[in-house]
Structures are given as C-alpha cells and as structure tokens.
Amino acid sequence: MIKKASLLTALSVTAFSGWAQDSGQDQLVVTANRFQQPLKTVLAPTEIVTREEIDRWQSRSLIEVLRRLPGIDVSQSGGLGQLSSVYVRGTEAKHLLLMIDGVPVGRSGISNSPELNQIPLSLVQRVEYIRGPRSTVYGSGAIGGVVNIITLTGDEKSQINAGIGSKGYQTYDGTVRQRFGDTVVTGAASYTGTRGFNVQPGSSWDHDEDRDGYRNKTFWGSVQHTFNDNFDGFFRGYDFSNNVDYDLGSPPFLPEYSADERQLYAQGWDTGLNFKQGIYSSQLLASYQKSKDYNYSSIYGRYHTGTTLDELEQRYIQWANNVDIGKGSVGAGVDWKQERLVSSNETSRDAYDRDNTGLYLTGMKQLGDVTLEASGREDKDDSFGWHGTWQTAAGWEFVPDYRLTLSYGTGFLAPSLGQQFGAKRFGIASNPNLKPEESKQWEAGIEGLTGPLDWRLSAYRYEIENLIDYSNQAYINVKSATIKGVEWTGDIDTGIFSHRVTLQYIDPRDDETHDVLQRRAQRQAKYQLDWSVYDVDLDLAWEYFSKRHDYTTGEKRILPSYSTVDFSASYPVTSHLTVRGKIANLFDKEYETAYGYQTAGREYTLSGSYTF
C-alpha cells in the first residue's frame, strides 16, 4: 500500500516510437489516463469499438458488443435485458469498472456488479475497453478492466433508424444534430422492445410459463460550445426507463418474495470545461446520477406486497490535468464521489451514504527504444480510511515493429453499500469490519507486425484477496482466488477480407477449494470476418466457449461447451439510406451460460437507417 507522502514522488512515463512524429495518424484513446493519447502508446491491451462497427455487427445491446471482444466471457439468465454477468479474464463481474463519458456508473445492487445489460445501446457512440487493473487512475472497481462508454461524437449528421425481428423485437431511434456557430446541439430518443421467450422452461411455478420480455425508452441531449481555440465546454443529460420480466424458478413461499418484474428509471446530468494551451491540458467535470429500481410481483402490482425499491444518488466531481514533456507526459488530478442509497419495501427502510476522495498521479516517457509507465493513487473513504494502489509497466521495442511489455499493478473494490451497512428487508446485518477486495496483477506480453499480421500475445496472473461472500446473515471477507491466463489476438487483411482472431485460456481457481470459479469457460476462441462485395458489407462472427459449471441448490452442474455463428449484411440503397439484416445463432445452437436459463436460439433482425 502506498503512503500518502509517496504519492507525491510517484512518476509515470510511457510512449511508443514515433509518438511525437505521427500521432495524428493513430487512433486516440482517453480511458488509459483520462486524456487523449495515441492508442499505440498505451502498454495495456486496449480495444476501441466505433459506432460504425456496432452498426455493421448489428448488435442489439452492449452485452452483444462486448462478448465479441478479447478476454470477455458472458453468462446471461435469458435473452435481451435479462440479468447478465461479464467476466474479464476470469475475474468476477463486479471487478469490471463501467463508465459513461469517464464517469463511473452507480451500483445500486447488493451484488456490487455493474449492470451493462441495462445501458441502452442507442446511447453508445464509441466503446473503449482496457484489460487489466486501472484502480491507480479510477479507484474502486477497476480490477479486471475498464469499459468506457462515450456518448459524444464529432459527427454532425442526423439519423433515423428502425428495425424489427423475431420474438416481437422492435427498435426505433432518431438523432438530430444542429450547429449554431460555435455551438452544437444534439437531441436523441429511442424505443426498444421484445416479447422475449420463457427463460426458465424448467420452473416448477406455473406463473413462470409466460414470455419474459424487455422494453426500453431513452432520451438524450447535449450542448457543446467552443469558446475559443483553447477553451470549450459541454452539458449533457440522459433519461431512460427499462422494464424486464423474469422468472423465479419455483413457487415463492411468501408473497413478499414473489417479485418477477423489474422497472428501472435512470437519469444522468454532466457538465464540463476543457482547456488546452501548448503542453498543458485540464478538464473540470461534474456529474449527477439518479436511479429508481423497482422489483415487484406481476400478481400483486408495483405498490403492493412483494415490492422492493432501491433509490440511488451519485454525485461526482473530477479535476484532471496533463502536461506533455517531450515524448511523454505527466498527469495529476483529484476526484470526489458521494453515494446515497435508500432501500425499502412495505415494512422497512434502509438509508446509507458514503463519500470517497481520490488523488492520483500518472506520467509517460520514452527513453530510446524503452517505454516506461507508472502511476499511483490514494483514496480516502469515510468508512475505510486511506487506501493506496500503484501500477508500473515497461515496453521495449527490441526491433522495429516488435515490442516486449511487462507490467505489475494493484487494484481494489470497495463493498457495496448494502454489503457494508446491511439490508433489514432481507435480514442482512451490517459489518463494520468488512474490508475492500484487493488484487495484484502481473502481465507479460509481446506484440508485433509480421507482414500483414498485427498480433499480440499476453500471459497474466491475478491474485485477489478479501473476496466478499454472504455467510450467517452478513457479508464477510472469506475467500481468495488466483487466475492465470494466456491470450492471443491477431488482425490480418487478405484481399477484400479482414480477419480478427482471439484465442484465450484461463485457469481461475478458488485458493481454498482449488475449484474453477463458476460460470467461466476456461477456453475460448473468437473469429470475425468482414468483407464487401458490390457495395454489400458482410460480417461473419464465430465464437467457441468450452464447458463451464454452475451451482444450484448446492449441487455442481456442468454446462457443455458450445459454438455459435452470426451472419449480417448491409447495403447502401442511396447515399442516405442503408438497409441491414442479421441472423444470430445461425445454426440454432441450444446452450446455457447459467444453469436452468435457456438462450434465445436462432434470431432474425431487419433494420434500416436514414441519414440527413
């Protein structure tokens, strides 16, 4: 753990060959250290997904986007909108930090996992995904990796989209952008719905035999203004509501436990100022998020027996600074976050709040063919006191276009408010001695450009301690886990074809029982093929996951391996109108990623977009 004084001496330096010379020709990423930098200067494995790629893949949800990416495995309790867990390199779902425009998304649930399945895809203009710890930049939660959803775009086009599909799927959205001198105003709205299917056909409760659907309505708006060449600002807000039907699996023994429908109302407001002059950049950002999360019985209704409500408010302020120094940079900043959660049912009410202040220092520098990176952060939680994390990495370009990398980093995850303070409505007691989960991660990699093949091979090891689990009516620190893995990614173009391959092996085990962690496939392979013929853009995606296991009623269940194929095509009828079609799970493979929950099978979608 870093002491507060040592933070002042932490240095951080990175850059890849040619940063100063040709950075304008490289993709830029902001998630690595909060400021734009060329993608090739980031030592951690990083992926960028653009809105154009999302449209080409014809993804319907953020989960469908992420499952294509390296290192990601997904377990889902049904179809679109149902409960999902995203495992990055075998870590727990709660070890992924989810952000919208650089602001951590509030976590209202006791499980402490980010709910990526509830984020409307219509909000997403770009996804930046970094594998490995990033707690030294963002604090709690960034153990397995970071997903940053970016909603702003430099594109000033307006667009209308509509689509239909199997199982009653419908989606409609529209975006209007207008420039007024130095000001750009954007407004957007969307609706997505599906009748779904019976996600638990083996349920012993007759009431579970219906379809489990999903409905979403989203509104989004922003104002961006450029004051001068050095100074600009923005204001944006979003509001969405989700309704999800789900199954219990067995008859409830009391009406209080009969909830089978969820309604989530969420809104966020952000404003910020950006300043850049010469080698100095600065950003001041303020955010407010609020959500109401109802779970209730479709038999009794939302305002009767069986209803629970979680109301979360999160306030967040960030001041970040960066100075370019030769072929490198130094960054420093402070952020403050306040969480307030009120959880209630008919008979009880729990109210919690917690503040956290973080100080961080990062930096970058190239020394010939060697690249160095290090960073440090201190978090002051009003419940846990000071908590320090640090990270360092080195890269060596030993011959042109080939680089070796080594890294070590620490991370942590603070307990959820419900885990720490308890929940009377569920009979969960508070635990004032509950500690944050902590991690150590080592990674070695080699990457290169061999002819037309751009590839990377990584080997990594996680050690995670103080894992939080439920026991004897309270949450306690009881377990630790070790995760070892190897990952290879490669991209190559051959004529009109673009290929992308991901291969991964992981060994995630409980340190006490030595069992593989549940719901993780130890082996996975992903292949993506894109090509164009006579203006038709075609995409083929094949995914393979080995067997995994799950537990139900204390019994270990083996879920067989499976592979799926998705095929999509799009055609520009005119310069403004594009039509698209997709078949997901082309061969109608039956499989489960959570025991007892069936997946959708083969699905069809047909959509169109008009740009003006």
Side-chain angles (χ1 to χ4, degrees), residues 75-79 81-85 93-94 108-113 115 117-118 196-214 242-264 292-311 341-352 416-431 468-476 478 518-519 549-557 559 592-598:
S75 69
Q76 192 161 6
S77 301
Q82 300 292 329
L83 181 66
S84 303
S85 296
K94 59 187 175 182
S108 61
I110 292 178
S111 68
N112 210 14
S113 298
E115 297 198 76
N117 59 315
Q118 299 301 322
F197 55 94
N198 184 7
V199 300
Q200 274 193 292
S203 173
S204 58
W205 192 26
D206 293 342
H207 192 67
D208 281 343
E209 294 179 356
D210 60 342
R211 291 173 175 259
D212 299 298
Y214 167 76
N242 293 339
N243 186 284
V244 184
D245 308 319
Y246 56 93
D247 290 342
L248 294 183
S250 61
F253 59 92
L254 287 173
E256 287 80 1
Y257 298 94
S258 61
D260 61 354
E261 190 159 347
R262 181 185 185 188
Q263 285 190 338
L264 173 66
K292 288 186 176 183
D293 190 356
Y294 291 91
N295 282 269
Y296 62 94
S297 170
S298 59
I299 298 175
Y300 303 109
R302 199 173 82 177
Y303 300 104
H304 296 281
T305 299
T307 298
T308 63
L309 170 61
D310 292 309
E311 297 180 87
L341 177 64
V342 177
S343 299
S344 59
N345 62 9
E346 276 191 315
T347 60
S348 64
R349 181 179 183 273
D350 303 309
Y352 331 98
S416 70
L417 291 169
Q419 291 172 347
Q420 180 183 356
F421 297 108
K424 288 182 290 185
R425 71 188 192 281
F426 296 128
I428 300 174
S430 64
N431 182 359
I468 296 172
D469 202 358
Y470 182 71
S471 178
N472 296 323
Q473 296 183 324
Y475 282 90
I476 57 176
V478 292
Q518 66 180 2
R519 295 189 177 182
H549 74 270
D550 200 357
Y551 286 98
T552 177
T553 62
E555 185 176 353
K556 186 176 181 179
R557 308 280 188 169
L559 305 180
E592 293 181 356
T593 55
Y595 180 76
Y597 291 90
Q598 73 170 352

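Salt bridge annotation for R557-D550: absent, with no cationic side-chain nitrogen under 4.0 angstrom from a carboxylate oxygen.
At a cut-off of 3.5 Å, with distance as the only test, no side-chain donor of S258 or H207 sits close to an acceptor on the other residue. A donor-acceptor pair shorter than 3.5 Å cannot be found between the side chains of N243 and Y294. For the residue pair S203/D208, the side-chain donor-acceptor check at 3.5 Å is satisfied. Defined by atom type and a distance below 3.5 Å, a donor-acceptor pair is present between the side-chain atoms of S343 and D310.
Checking side-chain atoms of N345 against main-chain N and O of T347 turns up a donor-acceptor pair under 3.5 Å. Side chain of T593 to main chain of Q76: a donor-acceptor pair is present (N/O by atom type, distance under 3.5 Å, no hydrogens or angles). At distances below 3.5 Å, not a single donor-acceptor pair connects side-chain atoms of D293 with backbone N or O atoms of L264. Under a 3.5 Å cut-off, the side chain of D260 and the backbone N or O of S297 do not form any donor-acceptor pair. When atom types are taken as modelled, the side chain of S344 and the backbone of R349 share no donor-acceptor pair closer than 3.5 angstrom. Formation of a donor-acceptor pair under 3.5 Å by the Q82 side chain with backbone atoms of D245 is found in this model. Looking only at distances, no side-chain donor or acceptor of R262 sits under 3.5 Å from a matching main-chain atom of V244. Q518 places no side-chain N or O within 3.5 Å of a backbone atom of H549 that could act as its donor or acceptor partner.
At least one side-chain heavy atom of I110 sits less than 4.5 Å from a side-chain heavy atom of I428. Within the 4.5 Å cutoff, the side chain of D212 has heavy atoms near those of the N198 side chain. A heavy-atom distance below 4.5 Å is found between the side chains of I468 and Y475. Using a 4.5 Å cut-off on side-chain heavy atoms (C-beta onward), Y246 and N295 make contact. Side-chain contact between P252 and W205 is present, with heavy atoms from C-beta onward closer than 4.5 Å.
Residues R211 and G196 come closest through the heavy atom pair NH1-O, 2.7 Å. Closest non-hydrogen pair, H304 versus E346, comes out as C-OE2, 3.6 Å. Closest approach of T307 to G301, counting heavy atoms only: OG1-O, 3.4 Å.
Interatomic distance, OG of S77 versus CD of Q200, reported as 7.5 Å (0.5 Å rounding). Within the model, atoms OH of Y597 and CG of L83 stand 7.5 Å from one another, a figure rounded to the nearest 0.5 Å. In this structure, the separation between CG on N242 and CD on E115 is 9.5 Å, given to the nearest 0.5 Å.
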Report the C-alpha separation of E261 and Y296 in whole Å, then their side-chain angles, then the decisive distance to 0.1 Å, and conclude whether the side chain to side chain donor-acceptor pair (under 3.5 Å) test is met.
CA-CA 5 Å; E261 190 159 347; Y296 62 94; 3.1 Å; yes

side-chain contact (heavy atoms from CB on, under 4.5 Å), that's the test. Do Q419 and N112 meet it? Break it down for me.
CA-CA 8 Å; Q419 291 172 347; N112 210 14; 4.3 Å; yes

